[in-house]
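None of these values were measured; they are calculated from a predicted model.
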Amino acid sequence: MKILLLSTVLEEKTFLEVVKGGHPRNPAAQNFYFRLLKALQTSCDVRAITPLSFHVQEQEEIRLAFFKPSRLHPWAGANALEKQAECLSWGGPDIILYDSLNLQCAKAALRIGKKRGIPAIPILTDDPRNITGTGSAYRFLVKRLSRNRPAYLGLTDGLNDLFNPKKRPFFRFLGIGEDYISYPRPVEGSYFYYGGALYEKDGAGSLLRAYRRSKTAIPFYFAGHGPMAKDIKEAAKTDDRIHFLGQLDRAQNAAFQQHALVVLNARHYRESLDLVSLPSKDLEYLANASRIALTPSKPLMEEFPEDALWLHEGIDELESELLSIFDQDGVNVPENGAKERIASLIGKEAIGKRIKIFLESL
């Protein structure tokens, strides 16, 4: 089976080049689509194309579709993706998979699918209302371009309900686990760690406030990007326990996860968010970390009930519990026993095979 994947995936080297060039991108989305590409390649012939509005060095495995943003031509990225697809010398795909949250990818997928008479299937990873900095027009178009498609791939039943009212075939999966690679210790001694989006809603503020109130001598390393980076940097000036690492590559992030005393994800809980969003970093933590404290995620709690400390939902209770973790130096956080099960549940070969079987059944 030949699959064309239209998404925001970049190889690691190019991703870092883009970030260092002053174009921050969502590492969670990048990591998800990179793992998805690798999973699909275990059982299918896959070509991936990514739209970029600025030039970087070409990649070996992922084709880049460069375009110049223009308010007069809002679909310039879609045009560039379509042209790149026409240049592929493999006889054309049997099916197109695309990132439903990227309008350029969605528009191009529908065009290519219609022209070639093949299905264009959206990948559902979040509700567009949860995407920071977007407006009503974006949210409307995301849903419009991915409504009533022939089939769907997605992370939650809530996303299926949102995009797929006619109940067409739906393949649900928790995500894709990374192959486990053991990395050397990045820093000496014990430490707490968080790596991800640095926004109040994603729990960075709660982690910072609770940690600063604590009496622990164990340092806390923050990594990622977002508006709260400046607060963490300021706190580090007066509290030598706090360290800010900036945005790390996948290997560095995994190394910090593997050797941390406790890794934490204190994203503020909202039931409406829990229905449509599954935190990808939680899967990374479950695959890598020894001890984990996480905001509730019902699908993950059902699968891994004893493998993490599932935090309280309310913000006040959440920060009190975080303070307790820090003051007790993490001894109240259970050991993670999920690492051995991750490969069979969501390993790339397992997911790649299951997706192929689903696509062949359409």
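For the residue pair Glu284/Ser280, the side-chain donor-acceptor check at 3.5 Å is not satisfied. Under the 3.5 Å distance criterion, with hydrogens and angles disregarded, a donor-acceptor pair is assigned to the side chains of Ser206 and His268. With 3.5 Å as the limit, one finds no donor-acceptor pair spanning the side chains of Ser290 and Asn336. Under the 3.5 Å distance criterion, with hydrogens and angles disregarded, a donor-acceptor pair is assigned to the side chains of Arg267 and Ser277.
Sorted by first and then second residue, the pairs that involve residues 342-362 and meet ring pair (Phe, Tyr, Trp, His ring centres under 6.0 Å), not counting sequence neighbours, are Phe171-Phe358. Sorted by first and then second residue, the ring pair (Phe, Tyr, Trp, His ring centres under 6.0 Å) pairs involving residues 274-321 (not counting sequence neighbours) form an empty list. Residue pairs meeting the side-chain hydrogen bond (donor to acceptor under 3.5 Å, both in side chains) criterion with at least one partner in residues 348-362, sequence neighbours excluded, are Asp179-Lys348. Pairs engaging residues 184-199 under the side-chain hydrogen bond (donor to acceptor under 3.5 Å, both in side chains) rule: Tyr193-Asn253 [sequence neighbours left out]. Legend: side-chain hydrogen bond (donor to acceptor under 3.5 Å, both in side chains) pairs involving residues 222-238, not counting sequence neighbours, sorted by first then second residue: Arg212-Thr238, Glu234-Lys237. Listed by first and then second residue, the salt bridge (Lys or Arg N to Asp or Glu O under 4.0 Å) pairs that reach into residues 115-124 are Glu82-Lys115, Glu86-Lys115, sequence neighbours excluded.
Distance alone, capped at 3.5 Å, is enough to place a donor-acceptor pair between the Arg168 side chain and the Asn148 backbone. Between the Asp94 side chain and the Lys2 main chain, a donor and an acceptor come within less than 3.5 Å of each other. Using modelled atom types, no side-chain atom of Arg213 and backbone atom of Leu323 make a donor-acceptor pair closer than 3.5 Å. Looking at Ser53, its side chain never comes within 3.5 Å of a backbone N or O of Phe67 through a donor-acceptor pair. In terms of modelled atom types and a separation under 3.5 Å, the side chain of Asp127 and the main chain of Arg129 share a donor-acceptor contact. Under a 3.5 Å cut-off, the side chain of Gln30 and the backbone N or O of Leu10 do form a donor-acceptor pair. Side-chain N or O atoms of Arg172 include none that pairs as donor or acceptor with a backbone N or O of Thr156 at under 3.5 Å. Under the 3.5 Å distance criterion, the side-chain polar atoms of Ser146 are left unmatched by any main-chain donor or acceptor of Lys143.
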Requested in this report: Start with the C-alpha distance between Asp307 and Arg341, add both sets of side-chain angles, then the distance that settles salt bridge (charged side-chain N to carboxylate O under 4.0 Å, His left out), and finish with yes or no.
Outcome: CA-CA 11 Å; Asp307 299 307; Arg341 309 201 313 274; 3.2 Å; yes

Report task. Apply side-chain contact (heavy atoms from CB on, under 4.5 Å) to Arg241 and Tyr211, showing your working. Result -> CA-CA 9 Å; Arg241 302 174 302 163; Tyr211 183 77; 3.1 Å; yes

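Listed by chain and number, the hydrophobic cluster partners of Tyr183 are Ile181, where partners are ILVMFWY side chains within reach of under 4.5 Å, directly or through others.
Asp249 is linked by a side chain to side chain donor-acceptor pair (under 3.5 Å) to nothing, counting only residues two or more places apart in sequence or in another chain. Listed by chain and residue number, His23 satisfy the ring pair (Phe, Tyr, Trp, His ring centres under 6.0 Å) test with Phe54 (two or more places apart in sequence, or in another chain). Scored by the side chain to side chain donor-acceptor pair (under 3.5 Å) test, Lys298 finds Tyr269 as partners (sequence neighbours excluded). With sequence neighbours excluded, the residues satisfying side chain to side chain donor-acceptor pair (under 3.5 Å) with Thr14 are Gln59. Under the rule for a ring pair (Phe, Tyr, Trp, His ring centres under 6.0 Å), the partners of Phe192 that lie at least two apart in sequence or sit in another chain are Phe326.
When side chains are defined from C-beta on, Leu311 does not count as touching Leu264, because their heavy atoms never get closer than 4.5 Å. Contact of the Val262 side chain with the Ile292 side chain is not registered, since no non-hydrogen atoms from C-beta on lie closer than 4.5 Å.
Connection of Leu6 to Val18 is not established within any shared hydrophobic cluster, with ILVMFWY side chains joined at heavy-atom distances below 4.5 Å, either directly or through further cluster members. Cluster membership for Trp75 and Phe140, using ILVMFWY side-chain heavy atoms within less than 4.5 angstrom, is shared.
Note that the CG atom of Leu286 and the CD1 atom of Ile342 stand 5.0 Å from one another [nearest 0.5 Å].
The only option from Asp126, Thr134, Thr132 that meets the side-chain hydrogen bond (donor to acceptor under 3.5 Å, both in side chains) definition with Asn130 turns out to be Asp126. With respect to Asn79, the side-chain hydrogen bond (donor to acceptor under 3.5 Å, both in side chains) criterion is satisfied by exactly one of His73, Arg111, Gln104: Arg111.
Checked against the 6.0 Å centroid threshold, Phe163 and Tyr152 do not count as a close aromatic pair. Taking the six-membered ring for Trp and the full ring otherwise, Phe220 and Phe222 have centroids separated by under 6.0 Å.
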